[in-house]
Amino acid sequence: IYDGRASTDNENGRAGGLVGFAGYTYGEQGTSEQTYSITACQVREAVKVESSSIAGGVVGQVNDLHKVAPYVLSGCVMMGHAEGFYVQGNSYTGGIVGDMRYGTMMYCTNNQKVVAGPDNSGTIGGLVGMLNYGDISTCLNNATGQVSSLGNASYHVGGIVGYLGSGSVTLCTNHADVDGTGECGGIVGFYMFRSDSDSTRFIRNCINSGKVTCKTHANAGGIIGFVGVTSGNLYIVECCNYGDVVIENEYWGDAGGILGSTHSNRAYILNAFNRGSVKAPKYAGGILGENGDHRHCTIQNVYNTGMVI
């Protein structure tokens with residue numbers, strides 16, 4: 001348990017409530033028998049984590065460059081919700097981890113406000129800012145864990161993870177409002193398969209009840225804001241959205257109750273529903289806002305009861 005203040009003003013700094021950096025740096029080598037874990041850690045509510053680069057409520061950055069000694073974060077809690085305290089970074093910012101590569105997170109909870117700084121707002125998420133080649137399961141971002149931007153360049157903003165590359169999210173719930181200026185989603189802001197990944201990934205059994213607001217021209221979704229061109233199959237399965245999805249500018253932007261926009265031929269939305277209202281100046285849909293570039297998106301066994309404007 002940590003109850004204090006963590007901060008760094010280093011231009012390339014990594015700030016965490018408990019750990020700044022965990023993993024292997026350039027030139028170091030792990031072995032396939034090694035697995036590292038950060039388990040059952042708690043950061044109390046009166047903690048402010050700030051960085052000019054990467055910030056996480058528990059760990060700033062988790063990185064295994066060699067993909068042989070993965071990290072597991074389990075049962076970690078960012079208590080949060082004290083007035084005037086938050087997690088803030090300018091590159092990758094998350095309530096639990098700012099930037100995570102080749103790792104797994106499970107049974108973690110964030111209660112703290114997550115804020116992207118005013119200079120270069122980057123990527124922010126309620127649990128993880130950026131996650132590449134990793135999975136998240138059974139995690140929670142509570143209503144006090146609002147995810148928001150102070151600037152005009154928060155590219156990827158999500159209630160659970162801002163940017164997800166070649167990973168899966170299962171059994172996760174977001175109750176916090178998500179507010180940004182780029183790709184915004186109640187669970188995932190932006191999803192992209194990495195170029196060397198050709199497989200099947202899932203966003204499964206996830207729930208969003210927070211309002212998703214995108215302030216400028218971009219995409220917003222109750223579950224995912226945007227799915228890019230993919231080399232693998234992405235299944236959005238048994239997910240539901242209760243929060244309103246809104247794009248506030250008057251000229252451009254797409255919004256969907258489940259998915260804001262996809263430019264993928266291999267995206268599937270199955271057994272899902274939306275009950276929140278959806279509003280966008282360009283394309284708005286109760287389930288999918290835009291199926292772009294003449295792509296093929298499969299939608300089956302879904303329903304919408306929310307108002308579409």
Asker: Group every Ile, Leu, Val, Met, Phe, Trp and Tyr by side-chain heavy-atom contacts under 4.5 Å, then state whether Ile299 and Ile203 land in the same group.
Answerer: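 Shared cluster, yes.
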
Asker: What about Val302 and Ile187, same hydrophobic cluster or not, with Ile/Leu/Val/Met/Phe/Trp/Tyr joined at side-chain heavy-atom distances under 4.5 Å?
Answerer: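 In one cluster: yes.
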
Asker: Judged by atom type as modelled, is there a donor-acceptor pair below 3.5 Å linking the side chain of Asn249 to the main-chain atoms of Lys215?
Answerer: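 Judged by distance alone, no pair lies under 3.5 Å.
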
Asker: So how far is it from Ile236 CD1 to Arg204 CZ, rounded to the nearest 0.5 Å?
Answerer: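 Separation between the atoms: 12.0 Å.
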
Asker: Using atom types as modelled and distance alone, determine if a side-chain donor or acceptor of Asn142 lies under 3.5 Å from a backbone N or O of Thr144.
Answerer: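 Absent.
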
Asker: Main chain of Lys211, side chain of Asp177: is a donor-acceptor contact present, judged purely on distance under 3.5 Å?
Answerer: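 Here the side-chain-to-backbone pair exists.
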
Asker: Begin with the C-alpha distance, continue with both residues' side-chain angles, and end with the deciding distance and a verdict on side chain to side chain contact (heavy atoms under 4.5 Å, CB included) for Val188 and Val161.
Answerer: CA-CA 5 Å; Val188 178; Val161 55; 3.6 Å; yes

Asker: Do Leu131 and Leu164 have side chains that get closer than 4.5 Å, going by heavy atoms?
Answerer: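 A side-chain contact exists here, since the closest heavy-atom pair is under 4.5 Å.
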
Asker: Assess whether side chain to side chain contact (heavy atoms under 4.5 Å, CB included) is satisfied between Asn291 and Thr262, documenting all intermediate values.
Answerer: CA-CA 5 Å; Asn291 185 25; Thr262 178; 3.6 Å; yes

Asker: Rounded to the nearest 0.5 Å, what separation is found between the OG1 atom of Thr181 and the NE2 atom of His156?
Answerer: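 Rounded to the nearest 0.5 Å, the OG1-NE2 separation comes out at 10.5 Å.
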
Asker: Hey, quick one: are Leu270 and Leu234 part of the same hydrophobic cluster, counting side-chain heavy atoms closer than 4.5 Å, chains of contacts allowed?
Answerer: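 No, because Leu270 and Leu234 fall into different hydrophobic clusters, even though each may have its own neighbours under 4.5 Å.
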
Asker: For the residue pair Tyr303 / Arg275, report whether a side-chain donor-acceptor contact shorter than 3.5 Å exists.
Answerer: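 Side-chain D/A pair, Arg275 to Tyr303: present.
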
Asker: Check each of Phe190, Phe226, Tyr191 against His263 using the ring pair (Phe, Tyr, Trp, His ring centres under 6.0 Å) test, and report the only one that passes.
Answerer: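 Answer after filtering Phe190, Phe226, Tyr191: Phe226.
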
Asker: Report yes if some heavy atom in the side chain of Pro281 is under 4.5 Å from a heavy atom in the side chain of Glu250; otherwise report no.
Answerer: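 Counting from C-beta outward, Pro281 and Glu250 never come under 4.5 Å.
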
Asker: Starting from Met100, can I reach Val19 by hopping between I/L/V/M/F/W/Y residues whose side chains sit under 4.5 Å apart?
Answerer: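 Yes; tracing contacts between hydrophobic side chains, which count when under 4.5 Å, links both residues.
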
Asker: Compare every heavy atom of Cys214 with every heavy atom of Ala220, then report the nearest pair and how far apart it is.
Answerer: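 Looking at all heavy atoms of both residues, the closest pair is CB-CB, 4.2 Å.
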
Asker: Nearest 0.5 Å please: distance from the CD1 atom of Ile96 over to the CG atom of Leu73.
Answerer: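 Rounded to the nearest 0.5 Å, the CD1-CG separation comes to 8.0 Å.
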
Asker: Which residues satisfy the ring pair (Phe, Tyr, Trp, His ring centres under 6.0 Å) test with Tyr242, sequence neighbours excluded?
Answerer: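 Checked Tyr242 against ring pair (Phe, Tyr, Trp, His ring centres under 6.0 Å); matches are Phe273.
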
Asker: Does Tyr107 OH have over 12 foreign heavy atoms under 6.0 Å away?
Answerer: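 12 or below, so no.
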
Asker: Would you say Asn141's side chain and Gly159's backbone share a donor-acceptor pair under 3.5 angstrom?
Answerer: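 A pair under 3.5 Å: yes.
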
Asker: Looking only at heavy atoms, what is the nearest atom pair of Asn132 and Tyr163, with distance?
Answerer: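 Heavy atoms of Asn132 and Tyr163 come nearest at OD1-CE2, 3.5 Å.
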
Asker: Working to the nearest 0.5 angstrom, can you tell me the gap between Ile160 CD1 and Leu127 CG?
Answerer: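 Rounded to the nearest 0.5 Å, the CD1-CG separation comes to 4.5 Å.
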
Asker: Would you sort out whether Thr93 and Val115 count as a side chain to side chain contact (heavy atoms under 4.5 Å, CB included), showing the intermediate values?
Answerer: CA-CA 7 Å; Thr93 309; Val115 181; over 6 Å; no

Asker: Could you state whether Ile207 and Leu171 fall into the same hydrophobic cluster, counting links through intermediate Ile, Leu, Val, Met, Phe, Trp or Tyr residues with side-chain heavy atoms under 4.5 angstrom apart?
Answerer: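 No, it is not one cluster - the side chains of Ile207 and Leu171 are not joined through contacts under 4.5 Å.
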
Asker: Please evaluate residues Gln112 and Val114 with respect to the criterion side chain to side chain contact (heavy atoms under 4.5 Å, CB included), reporting the C-alpha separation (whole Å), side-chain torsions for both, the decisive distance (0.1 Å), and the verdict.
Answerer: CA-CA 6 Å; Gln112 184 67 284; Val114 182; 5.7 Å; no

Asker: Would you name the heavy atoms of Ala218 and Glu183 that are closest together and state the gap between them?
Answerer: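 Of all heavy-atom pairs spanning Ala218 and Glu183, the closest is CB-N, 4.1 Å.
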
Asker: Examine distances only and state if a side-chain atom of Asn219 and a backbone atom of Gly260 form a donor-acceptor pair shorter than 3.5 Å.
Answerer: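 Absent.
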
Asker: Determine the minimum heavy-atom distance between Ser148 and Lys113, stating which atoms define it.
Answerer: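 In terms of heavy atoms, the two residues are closest at OG-CE, 3.8 Å.
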
Asker: Looking only at heavy atoms, which two atoms of Asn208 and Ala176 are closest? And how far apart?
Answerer: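 In terms of heavy atoms, the two residues are closest at OD1-O, 4.5 Å.
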
Asker: Which atom names give the shortest non-hydrogen contact between Ile54 and Ser91, and what distance separates them?
Answerer: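 Where Ile54 meets Ser91 most closely, the heavy atoms are CG1-CB, 4.4 Å.
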
Asker: Would you find a donor on one side and an acceptor on the other, under 3.5 Å apart, between the side chain of Asp135 and the backbone of Ser168?
Answerer: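 Indeed, once roles are kept as given, a pair shorter than 3.5 Å links the two residues.
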
Asker: Nearest 0.5 angstrom please: Met307 CE to Asp244 CG, how far?
Answerer: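 It comes to 10.0 Å.
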
Asker: Between CD1 of Ile287 and CD1 of Ile269, what distance do you get to the nearest 0.5 Å?
Answerer: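 Here the rounded value is 7.0 Å.
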
Asker: Under a 3.5 Å cutoff, is there a donor and acceptor pairing between the side chains of Asp179 and Thr213?
Answerer: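 No, because no side-chain N or O of Asp179 sits under 3.5 Å from a partner of the opposite role on Thr213.
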
